[in-house]
Each structure stands twice: as C-alpha cells, then as structure tokens.
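One structure is given here, and the rest of the page talks about it.
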Amino acid sequence: MEKRSFKKDISKRENMGYDEKTDTYTCHAGKSLSPPFIKKQKSKSGYEPEVTIYECEDCTGCPHKEKCTGAKGNKRLYISKSFLEKCQESYENIMSEKGIRYRMNRSIQVEGAFGVLKNDYNFQRFLLRGKTKVKLEILLLCMGYNINKLHAKIQKERTASHFFPVKETA
C-alpha cells in the first residue's frame, strides 16, 4: 500500500493511465506517452533486460511539467516489462492462500527468535569485530537457538508434527 504522497505524485508510472491495446500511457495533462524505441541496458551483474522507453508527444507549455519531470525536453518513462511481470507474479504469490500462511508463519518465527536471543539469552551486542567473526558469532547463536528448540520439541514429543505438510521425496 503506497503512501498518500506517492499516490499524488503525477510523475509516477503507477499514477498514469495505461492502454494495453495501443501500448501507451496517458499523463496527468491528458497527453500520450508512446514507446518510440526499446533498448537493452546491461546491469553490473551482467543481466540485460529489455527496457521500453515511453516519451510524451509534447511537453512544451504544459502546466504540470514541473511536477511531472525535471527534463528539459519531453517526459520519458523507462519501463522493463519483464520486471513488471515478475512484480505482478510475486504479488500474486504473496497474496495467495499459501503465501499468506508463509508470511504469517515467518512473522511469528522471526520476531520470536530475536526476542529469545535478546531476552532469554541476554544477547546485547557482538563480542567480536569483523564480518567473518560476527558471522561466526551469529551462527553459533543460531545453532544454540535451534538446538534448544529441538530439545524442547523432543521433551514435548512433538518431533513428528509440522506447520505445513512435508513433501514426500523419492
């Protein structure tokens, strides 16, 4: 859920009308942003997504230009359609029944784990310095937490119960 300031920002793609048939966006002033070309942008990791560049037909004399774009010329939108598809797929996954269960379970587990480390184990700060030493220290804390959790499950005879059904493997 976006903030009110995001929803009022007329420069954002999400706040513009989109027509799938003509593949154009409509800006706040009612002008059309059409895709003159598609280019490939290479990221630092080597990934090359296709980026569609939408440009407004004419921004000269537009009363909303200051709020809409900082460019000297016409407004441009750089949009990766594959990224938008992945975002939509991800959103559908987290809003599905299974996704809601996973999020509910994760929120319970993570908060509880940090609470146990801070309160029950009296963990306030790392004793060692440096990335590798801190990683080692948190790894030892996590192992201790998991061993205590397993011990409690064994004592209560709950080792055969699972939050989600276990997948059968070959």
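All heavy atoms count here, side chains included; hydrogens, waters and symmetry mates do not. Being a predicted model, the structure only gives us computed values, none of them experimental.
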Could you tell me whether the side chains of Thr24 and Thr22 share a donor-acceptor contact shorter than 3.5 Å? yes
Could you tell me which residues satisfy side-chain contact (heavy atoms from CB on, under 4.5 Å) with Glu92, sequence neighbours excluded, listed by chain and number? Gln88
Taking atom OG of Ser96 and atom CZ of Arg101, what is their separation to the nearest 0.5 Å? 8.5 Å
Counting heavy atoms not belonging to Tyr91, are there more than 12 under 6.0 Å from its OH? no
If you take all heavy atoms of Ala71 and Thr69, which pair is closest and at what distance? N-OG1, 3.1 Å
Please round to the nearest 0.5 Å and tell me the distance separating atom CD1 of Ile10 and atom CD of Glu66. 10.5 Å
Do Cys62 and Lys75 have side chains that get closer than 4.5 Å, going by heavy atoms? no
Can you give the donor-acceptor pairs under 3.5 Å from side chains of residues 43-54 to other protein atoms, not counting sequence neighbours?
unit_1	atom_1	unit_2	atom_2	d
Ser43	OG	Ser45	OG	3.1
Ser43	OG	Tyr47	N	3.3
Ser43	OG	Tyr47	O	3.3
Tyr54	OH	Asp23	OD1	2.7
Tyr54	OH	Asp23	OD2	3.4
Tyr54	OH	Lys81	NZ	3.3

So how far is it from Glu85 CD to Ser80 OG, rounded to the nearest 0.5 Å? 8.5 Å
Side chain to side chain, Glu55 and Leu33, heavy atoms closer than 4.5 Å: no
Can you find a pair of side-chain heavy atoms, one from Leu140 and one from Glu137, that are under 4.5 Å apart? no
Check: Tyr121 and Asn148 side chains under 4.5 Å, non-hydrogen atoms: yes
Straight-line distance of Asp19 CG to Ser32 OG, nearest 0.5 Å: 8.5 Å
Specify the closest pair of heavy atoms between Asn15 and Asp9, including all atoms of both residues, with the distance to one decimal. ND2-O, 2.7 Å
Quick one: pull up NZ in Lys149 and CD1 in Ile154 and give me the separation to the nearest 0.5 Å. 13.5 Å
Heavy atoms of Lys65 and Cys59 approach each other most closely as CD-O, 3.8 Å
Supply the atom-to-atom distance Lys12 NZ to Cys68 SG, rounded to the nearest 0.5 angstrom. 11.0 Å
Has Arg13 got a side-chain atom pairing as donor or acceptor with Leu77's backbone, closer than 3.5 angstrom? no
Check ring pair (Phe, Tyr, Trp, His ring centres under 6.0 Å) between Phe126 and all other residues, then give those that pass, not counting sequence neighbours. Phe123
Within the 3.5 Å criterion, strictly below it, is a donor on Asp120 or Tyr145 matched to an acceptor on the partner's side chain? no
